[in-house]
Enquirer: 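Here it is, the structure in full.
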Amino acid sequence: MAKKIVLSGARPTGDIHLGNYFGALENWVQLQDRYDCYFFIADWHALTTGYAETDQLQDHCLSLMADFMACGLDPEKSVIFKQSLIMEHAELFLLFAMTTPLPWLERCPTYKDQINQLKNKDITTYGFLGYPCLQAADILIYKADYVPVGEDQLPHLELAREIARRFNYLYGPVFPEPQPLLTQAKTLPGTDGRKMSKSYENTVSFADSPEEVKSKVMNMITDPARIRKTDPGHPEICTVYAFHHVFNQEEWEAIGSSCRKGEIGCVQCKRKLQEKLLAFHQPIYEKRTRLLQSPDHLLALIEDGSARARVQARETLSQARTAMKIAP
Ligand code: TRP
Ligand code: SF4
């Protein structure tokens, strides 16, 4: 029996950090063996909010490819490609733009949120409003069954289903309705205890050297009530403790009770975390660094994956054109 199809994408906005890893990539890596997977670099999506800063876009695409592979995505198992190399996404986007009622886009919760949040950018553009339509094209052009996404992306997936349904109703059945695969992400805060996010400057990224990782751990906020080692601590409000939960599961409980009893000092606790975190981080960092030393090889892999994706994209687009009676 044919495997079900999974598709997901990420914007090339800079370096992948641990929050992105546990929120998405870790899960994608697991899915590779069970499904026919498509993973892509969403560079056109990056333009919806970043159209004015394109100088680094291509570099970011390369480093995202390196991050993908260093984290365990395998171009032999999955089709890994770059959106802008597949013109067919743009044509399907255009066709969907014809059939998608404007209010569907205007009422999308992320639309108003982002307009309010990104006050320093002018994103009152046609492209930004239409981006869920582009996202629907990304998904439906591969007839994806499942889309692994975080909660925040659910409205977009709902919209993709509505767009598919409307197309099928108007022209005949071409598109299956994609379902979400909700990621039960491990919760890892940023180094300051808030949500890990590039805009808060509290990330640990795979581009950080081992020295940087160590110093980020040393600078983490701990329980402010602890001045001396013997002061009883409250590990549940401590970022170091939250990291131990993810990277040092075996000792997590013991560390919590030593902290509460004032038997372990914060510096000692951080040293332990440095060691455990680096055991996870360093191999990925080194693989990423090695991959980025051969940009031509990375480009060739992206080209190759994109050629494979294009075959499927062409096939679906031709079905859509035929259904709409615009095929020759
Ligand atoms: N919108 C997603 C993001 O900003 C990226 C994305 C684009 C995507 N197209 C997609 C994700 C299709 C899943 C499926 O992260
Ligand atoms: Fe945090 Fe560890 Fe210090 Fe306790 S001992 S406050 S868990 S760093």
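Remember, it's 1-based here, ligands and their atoms both numbered in the order they're listed.
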Enquirer: Locate the shortest heavy-atom distance separating Leu129 from Pro132; write the atom from each residue and the value.
Expert: O-CD, 3.4 Å
Enquirer: Below 4.0 angstrom from a heavy atom of Val147, which ligand 1 atoms are there? Numbered from 1 as shown, please.
Expert: 13 (C), 14 (C)
Enquirer: Of His156, His45, Gln153, which has the heavy atom at the shortest distance from atom 15 (O) of ligand 1?
Expert: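 Heavy atom nearest to atom 15 (O) of ligand 1 belongs to Gln153.
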Enquirer: Ignoring hydrogens and geometry, is there a side-chain-to-backbone donor-acceptor pair from Asn248 to Lys276 under 3.5 Å?
Expert: no
Enquirer: On a heavy-atom basis, I'd like to know which of Leu7, Ile41, Thr13, Asp138 is closest to atom 14 (C) of ligand 1.
Expert: Leu7
Enquirer: Listing residue and atom name, which protein N/O/S atoms are closer to atom 2 (Fe) of ligand 2 than 2.8 Å?
Expert: Cys269 SG
Enquirer: When you compare the side chains of Ser257 and Glu253, does any donor N or O come within less than 3.5 Å of an acceptor on the partner?
Expert: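 Their side chains do not contain a donor-acceptor pair, so the 3.5 Å distance test is not met.
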Enquirer: Assert yes or no for the condition that the ring centre distance of Phe175 to Phe96 is strictly below 6.0 Å.
Expert: yes
Enquirer: Are Phe68 and Phe39 close enough that their ring centers fall under 6.0 Å?
Expert: no
Enquirer: At a 4.0 Å threshold, what atoms of ligand 1 neighbour a non-hydrogen atom of Gln135?
Expert: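 That gives atoms 1 (N), 8 (C), 9 (N), 10 (C), 11 (C), 12 (C), 13 (C), 14 (C) of ligand 1.
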Enquirer: Considering non-hydrogen atoms of the protein only, which is the closest contact for atom 5 (C) of ligand 1, and what is the distance?
Expert: Gly9 O, 3.7 Å
Enquirer: Test of understanding: given a 4.0 Å heavy-atom threshold, classify the contact between His234 and ligand 2 as side chain, backbone, both, or neither.
Expert: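 For His234, no heavy atom sits under 4.0 Å from ligand 2.
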Enquirer: Distance under 4.0 Å to a non-hydrogen atom of Tyr131: what atoms of ligand 1 satisfy this?
Expert: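 Those qualifying, in numeric order: 1 (N).
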Enquirer: Indicate yes or no for a side-chain donor-acceptor contact from Glu212 to the backbone of Ser209 under 3.5 Å, with no hydrogens or angles considered.
Expert: yes
Enquirer: Tell me whether Gln32 contacts the main-chain N or O of Gly72 through its side chain, where contact means a donor paired with an acceptor under 3.5 Å.
Expert: yes
Enquirer: I'd like to check which ligand 1 atoms, numbered from 1 as shown, lie under 4.0 Å from a non-hydrogen atom of Arg11.
Expert: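 Checking each atom against Arg11, I get 3 (C), 4 (O).
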Enquirer: State whether the number of non-hydrogen atoms from other residues, nucleotides or ligands found under 6.0 Å of Lys214 atom NZ is greater than 12.
Expert: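 Not more than 12 within 6.0 Å, no.
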Enquirer: Cation-pi check for Tyr131 against Arg11: NZ or CZ below 6.0 Å from the six-membered ring centre and within 45 degrees of the axis, yes or no?
Expert: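 Arg11 over Tyr131 ring: yes.
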Enquirer: Do ligand 1 and Ser8 have nitrogen or oxygen atoms that lie under 3.5 Å from each other?
Expert: no
Enquirer: Flag the pair Lys112 and Glu106 as a salt bridge only when some basic side-chain nitrogen lies within less than 4.0 angstrom of an acidic carboxylate oxygen.
Expert: no
Enquirer: Determine the interplanar angle of the Tyr142 and Phe81 rings, folded into 0 to 90°, and report it as parallel if under 30°, tilted if 30 to 60°, perpendicular if over 60°.
Expert: tilted
Enquirer: Under 4.0 Å from a heavy atom of Arg226: give me the atoms of ligand 2 that qualify, with their elements.
Expert: 3 (Fe), 4 (Fe), 5 (S), 6 (S)
